[in-house]
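So the structure is just underneath, and the comments pick up after that.
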Number of protein chains: 2
Amino acid sequence: MKAIDKVFKALADPSRRELIDRLHAKNGQTLGELCKGLDMARQSVTQHLELLEDANLISVRRVGREKLHTFNPVPIHEIYERWIRKFERGRLDALSNFKAKLERK
Amino acid sequence: MKAIDKVFKALADPSRRELIDRLHAKNGQTLGELCKGLDMARQSVTQHLELLEDANLISVRRVGREKLHTFNPVPIHEIYERWIRKFERGRLDALSNFKAKLERK
DNA sequence: GATATATGCAGTCAAACACCTGCATGTCAA
DNA sequence: TTGACATGCAGGTGTTTGACTGCATATATC
């Protein structure tokens, strides 16, 4: 499976997007920390995190008996650059008009 | 299911993203047209299109015996605004610095 | 060492997904 | 009106997903 496909798949689930949001708000959280308030079993959270890791959206390091998670924004940038940006053509044009106007001053 | 969830789900499949790409390249294509080159049965394509329509990513109108499809960029804009943009903070800051510099001139 | 805590591993299960086939209906055109 | 064409509808199937439970292992703390 292509890397970009994994990212889109990973983002398809609301629980996983919430996990990303939480890590973006506070990086380095443990598995246990991430479980709190996510009304589902620890194992389910683990599975979601594995999927996110496989899509390179988070990275993991062990410290003692704890597992610390870090959000990686690169794949989301790539999705934006390679796929979403082309649908934002209008806005990009607006920006380049803005620049052009300034250069004419 | 929340509207934004439907959009993410709809984007999770590569075939559906290809359909969007194709409609973005050329709007108003019929079902038959969209089937060509998409190595799968017509019914499968229909299902994908239904899902895209449900996510409001395309709209459909009938003309005679044909079904014409039109791409709607709004949900993708919304995903960008409501979810992706916050991870692009660095770039946004760069833009506002750019503006600030200009205003100081 | 004993106990509590954090996470890992294996297996189960229902529902959703992504595909298919066969037949039906509706529309255009000769 | 009849034949060709575009799409719709119903139902079937194998795989993946998203959740669970129970038990195992590793690490910190007393």
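A note on names: the letters A, B, ... follow the listed sequences, proteins ahead of strands, and every chain is numbered from 1. Values below: every heavy atom of this structure, side chains too, minus hydrogens, waters and symmetry copies.
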Taking B:I58 as the starting point, is it possible to reach B:V74 by hopping between hydrophobic residues whose side chains are less than 4.5 Å apart?
no
Residues within residues 29-45 of chain A bordering DNA chain D, heavy-atom distance below 4.0 Å:
A:M40, A:A41, A:Q43, A:S44
Upstream residue (5' side of DNA chain D) when A:S15 and A:E66 are each assigned their closest nucleotide
A:S15
Transitive ILVMFWY cluster of B:L68 at side-chain heavy atoms under 4.5 Å: who else is in it?
B:V63
Contact list please: residues 49-62 of chain B against DNA chain D, heavy atoms, distance less than 4.0 Å, in numerical order.
B:R62
With a 3.5 Å distance limit and no angle check, can you tell me whether A:Q29 reaches the backbone of A:H69 through a side-chain donor-acceptor pair?
no
So where does chain B start and stop touching DNA chain D, 5' to 3', when the test is distance under 4.0 Å to a non-hydrogen atom?
D:dA4 to D:dA10
Residues two or more places apart in sequence or in another chain: which of them pass side-chain contact (heavy atoms from CB on, under 4.5 Å) with B:P73?
B:F71, B:H77
Taking the side chain from A:E33 and the backbone from A:T30, do they hold a donor-acceptor pair closer than 3.5 Å?
yes
Can you give me the N/O atom pairs linking the protein to nucleotides 28-30 of chain C at distances under 3.5 Å, or say none if there are none?
none

So do B:D21 and A:F87 actually touch side chain to side chain, heavy atoms under 4.5 Å?
yes
Using the side-chain contact (heavy atoms from CB on, under 4.5 Å) criterion, which residues pair with A:Q43? Sequence neighbours excluded.
A:T46
Is there side-chain contact between B:L34 and B:L23, with at least one heavy-atom pair below 4.5 Å?
yes
In this structure, how many angstroms lie between the C1' atom of C:dA16 and the CG atom of B:D5, rounded?
15 Å
Who pairs with A:K9 by side-chain contact (heavy atoms from CB on, under 4.5 Å), at least two apart in sequence or on another chain?
A:M1
Pairs where residues 47-59 of chain A contributes a residue and the test side chain to side chain donor-acceptor pair (under 3.5 Å) is met, not counting sequence neighbours
A:K6-A:D54, A:R16-A:H48
Which sits closer to the 5' end of DNA chain C, A:Q47 or A:K67, going by the nucleotide each is nearest to?
A:K67
Rounded to the nearest Å, what distance is computed from the CG atom of residue B:L19 to the C1' atom of nucleotide C:dC19?
14 Å
Just to verify, what does B:F8 make a ring-ring contact (aromatic ring centres under 6.0 Å, His included) with, not counting sequence neighbours?
B:W83
With B:K2 via salt bridge (charged side-chain N to carboxylate O under 4.0 Å, His left out) - residues at least two apart:
none
Summary of salt bridge (Lys or Arg N to Asp or Glu O under 4.0 Å) pairs that have at least one residue in residues 56-71 of chain B, sequence neighbours excluded
none
